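First the structure, in the form of structure tokens, and then the observations on it.
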Amino acid sequence: MFVIVVGGGKVGYYLTKELIESGHEVVLLEKDPGRASQIADEIGSVVLARDGCEGKYLAEAGANRADIVAAVTGDDEDNLVICQMAKHHFSVPRTIARVNNPKNEHLFRQLGVDEIISPTRMILGSIEQDIPVHELLHLGALGGGELEIIEAHLQPGSPAVGRTPRELEIPEGCTLFAVVRDGVPTPLRPDTVLRTGDKVIAIGRTECEALLHEQLIGAEPEIEPADTR
Amino acid sequence: MKSVIVGCGRVGATLAEALEALGHDVVIIDIRTSAFDRLPSTFRGSAIRGDGTDEDVLRRAGVDGADFFIALTEGDNRNIMAAQIAARVFGIPRVVAKVNDPVRADAYATLGIATLCRTNLMVDAIYEYLGYPRKHPPGVVRPPAVAAGAGPVGGSAVGEPVPGVATPGGTSSQEA
């Protein structure tokens with residue numbers, strides 16, 4: 001395969017190196033001449049010290065016959081333009097963009113980028129998976145940090161399972177407002193019977209968290225059990 | 001008429017003032033607060049600090065429902081991306097991106113984005129001054145699909161300027 005990599009940061013550098021080692025033909029475009037020559041010293045003459053956003057340099061790199069263009073600069077707007085130019089101007093069959101703002105994923109897909117890699121989204125996903133499921137998950141802060149939005153994932157043994165919000169002692173300054181059940185969010189009514197697996201979304205004052213934990217998750221364990229994941 | 005300008009440089013600030021004088025409701029966005037010093041003290045529109053390629057920033061700035069959007073930052077790619085968000089996400093009917101690289105300007109004009117290429121405009125202005133014929137269509141270059149359509153956006157491929165943006169027929173040096 002002939003791959004054009006645009007952006008000689010850490011990602012572009014290691015990507016180029018790995019691709020060469022796996023026997024692919026690679027050209028790396030890095031617009032900073034200093035960085036470009038540094039990479040060339042290390043991995044050989046596959047580096048063009050040119051701005052890959054410019055059509056004529058993509059052409060110079062061989063975009064007309066490239067199988068893949070991977071845009072991995074640190075700037076979303078550059079990665080978008082590189083992929084669009086590759087796709088529409090040079091008919092490159094496969095374009096891959098690195099995206100930093102996860103919100104741009106959808107837009108890039110709409111605008112014709114074939115594959116979108118979002119490190120932010122990946123790390124986010126990994127962090128969320130690593131949070132022990134019995135914990136309260138902080139979704140966000142409001143009112144300058146005085147209020148927080150919390151998700152409680154109800155596990156077997158939670159004091160809230162089989163009860164309704166009305167039967168729980170919800171601390172003052174705190175509201176349970178929605179439940180996500182089987183991936184479907186619905187407003188939480190005072191008479192909704194809570195089940196194992198429900199994700200209860202609450203908003204409340206920061207200091208209510210401990211009480212909320214007690215009601216929805218159970219008393220804080222003295223020692224963290226080792227097998228909670 | 002609500003107009004959004006991304007990039008408060010000389011052109012952005014001058015355009016903001018001119019459009020406001022024509023009765024437009026103007027929102028101008030720039031990443032640096034100091035850029036707004038270019039606006040006249042009489043400017044009554046909104047000056048918002050933020051990244052014009054960030055959908056959330058645009059939404060907070062009140063871009064939704066705008067009639068006209070022009071991206072005039074110093075970065076071609078930023079302008080291209082902002083313009084595509086304006087057209088695709090917010091459905092703004094008239095969107096123009098300043099793209100100084102002639103190759104990219106041409107490519108995006110065929111991709112459905114109206115572009116304004118300072119390089120071409122200035123080269124043409126100089127050509128004309130020297131008595132040679134211009135090499136590019138004047139003013140904002142419309143994408144063919146849009147130019148072919150009827151209605152207020154239609155017309156010739158290059159004619160009908162958006163007020164204050166292009167000066168067809170000649171001396172359109174856009175930025176000193």
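Quick caveat, the model's predicted, so the values are computed rather than measured. All chains are named by letter (A, B, ...) in the order of the sequence lines, taking the proteins before the strands, and each is independently numbered beginning at 1.
Under the rule for a side chain to side chain contact (heavy atoms under 4.5 Å, CB included), the partners of A/I123 that lie at least two apart in sequence or sit in another chain are A/I127.
Residue A/F177 qualifies as enclosed at atom CZ: its count of foreign heavy atoms under 6.0 Å is above 12. In B/R49, the CZ atom is not crowded: 12 or fewer heavy atoms of neighbouring residues, nucleotides or ligands sit closer than 6.0 Å.
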Do chain B and chain A have donor-acceptor pairs under 3.5 Å, and which are they?
from	atom 1	to	atom 2	distance (Å)
B/D56	OD1	A/K103	NZ	3.3
B/D56	OD2	A/K103	NZ	2.7
B/N77	ND2	A/D78	OD1	2.7
B/Q84	OE1	A/Q84	NE2	2.7
B/Q84	NE2	A/Q84	OE1	2.8
B/R104	NE	A/C53	O	3.2
B/Y108	OH	A/Q84	OE1	2.7

